[in-house]
Amino acid sequence: GGPGKGMHTKLFREAIMQQGWLHGVECISAWYENAGLIGLYGQAEHQYAKPLLNLMMYQAATIPARVTEKDVEMAKNQLMSQLVLLAEARDIALDECSKLLLQHDSVVLPEDLLRGAEKITLADIQRVSKDLIATPPTLVVYGNTEGTPTAEQVSSTVQGLHKRYC
């Protein structure tokens, strides 16, 4: 955490820096023993709800076409730096180990994660992105939901954008 966290991510550069009305947008993820969750979380004033949703659908649908080898290497370097820092801070490492034991009944060491991160390729990112696009989304809206499309409409739009740009 801390100030500036995520300021150099592709999402930040392509969304927040370009849209003055956007309060924030971030990619969230969680992993479990046999499944995972990935999503986009955005915030804007009500009058910008539709442009926010359009921006998020575009970001999700076109990532396989917009990610480059340079982006993958930058993300891998950032991840590996965080893993090295995690390994150096004993209290944080112990906290992560306890979470892993409670959630997964096993521990993955930072060294193992480093080896795995080194193996990630652009083709891996594109394959996983396409799989995500093919999976029906869950849509959660907080606040005034007037005019909000259904999850089925969002899924159809994302798949259409993917076909158009990828």
Got a sec: does the CG of Asp131 have more than 12 other heavy atoms crowding it under 6.0 Å? yes

Quick check: do Asn77 and Met80 have side-chain heavy atoms less than 4.5 Å from each other? yes

Do you know the tightest heavy-atom contact between Leu79 and Ala117? CD2-CB, 3.7 Å

So, Glu73 and Lys70, do they make that salt bridge, N to O below 4.0 Å? no

Measure the spacing between NZ of Lys76 and CD1 of Ile120 and express it to the nearest 0.5 Å. 7.0 Å

Test: Asp71 and Arg13 ion pair at under 4.0 Å: yes

Looking only at heavy atoms, the pair that brings Ala61 and Cys166 closest together is O-SG, 3.7 Å

Residues which pass side-chain hydrogen bond (donor to acceptor under 3.5 Å, both in side chains) with Gln19, listed by chain and number, not counting sequence neighbours: Trp21

List the steps, then state whether side-chain contact (heavy atoms from CB on, under 4.5 Å) holds for Thr150 with Gln153. CA-CA 5 Å; Thr150 65; Gln153 291 169 322; 3.2 Å; yes

Indicate the atoms forming the closest heavy-atom contact of Ala44 with Tyr48, along with that distance. CB-CB, 3.9 Å

With sequence neighbours left out, the residues meeting salt bridge (charged side-chain N to carboxylate O under 4.0 Å, His left out) with Arg115 are Asp112

In the hydrophobic clustering that connects Ile, Leu, Val, Met, Phe, Trp and Tyr at side-chain heavy-atom distances below 4.5 Å, which members other than Ile38 occupy its cluster, ordered by chain and number? Val128, Leu132

Under the salt bridge (charged side-chain N to carboxylate O under 4.0 Å, His left out) test, which residues partner Glu14, sequence neighbours left out? Lys10, Arg66

Leu114 side chain near Val84 side chain, heavy-atom distance below 4.5 Å: yes

Give me each pair satisfying salt bridge (Lys or Arg N to Asp or Glu O under 4.0 Å) with a member in residues 151-165, each pair once, sequence neighbours excluded. none

Kindly write out the residues that satisfy side-chain hydrogen bond (donor to acceptor under 3.5 Å, both in side chains) with Thr121, not counting sequence neighbours, or none if the list is empty. Asp124

Any side-chain heavy-atom pair of Val25 and Gln43 under 4.5 Å: no

Using every non-hydrogen atom in the two residues, find where Ala15 and Leu55 come nearest and quote the distance to one decimal. CB-CD2, 3.8 Å

What residues join Val141 in its hydrophobic cluster, counting side-chain heavy atom gaps under 4.5 Å, either direct or through other members? Leu53, Met57, Tyr58, Ile133, Leu139, Val154, Val158, Leu161, Tyr165

Which value, rounded to the nearest 0.5 Å, describes the distance between Leu22 atom CG and Glu45 atom CD? 11.0 Å

Judged by atom type as modelled, is there a donor-acceptor pair below 3.5 Å linking the side chain of Lys130 to the main-chain atoms of Pro64? no

So, using salt bridge (charged side-chain N to carboxylate O under 4.0 Å, His left out) as the criterion, who are the partners of Lys99 when residues are at least two apart? Asp95, Glu96

List in chain and number order the residues that pass side-chain hydrogen bond (donor to acceptor under 3.5 Å, both in side chains) with Glu26, two or more places apart in sequence or in another chain; answer none if no residue qualifies. none

Does Leu122 have any side chain to side chain contact (heavy atoms under 4.5 Å, CB included) partners at least two apart in sequence or in another chain, and if so, which? Val67, Glu69, Val72, Gln126

Around Gln47, counting heavy atoms of other residues, nucleotides and ligands shown, do more than 12 lie under 6.0 Å from its CD? yes

Test log, rule side-chain contact (heavy atoms from CB on, under 4.5 Å), inputs Leu40 and Ile28: CA-CA 6 Å; Leu40 293 176; Ile28 58 171; over 6 Å; no

Ring pair (Phe, Tyr, Trp, His ring centres under 6.0 Å) partners for Tyr41, two or more places apart: none

If the condition is side-chain hydrogen bond (donor to acceptor under 3.5 Å, both in side chains), which residues does Asn54 pass it with, not counting sequence neighbours? none

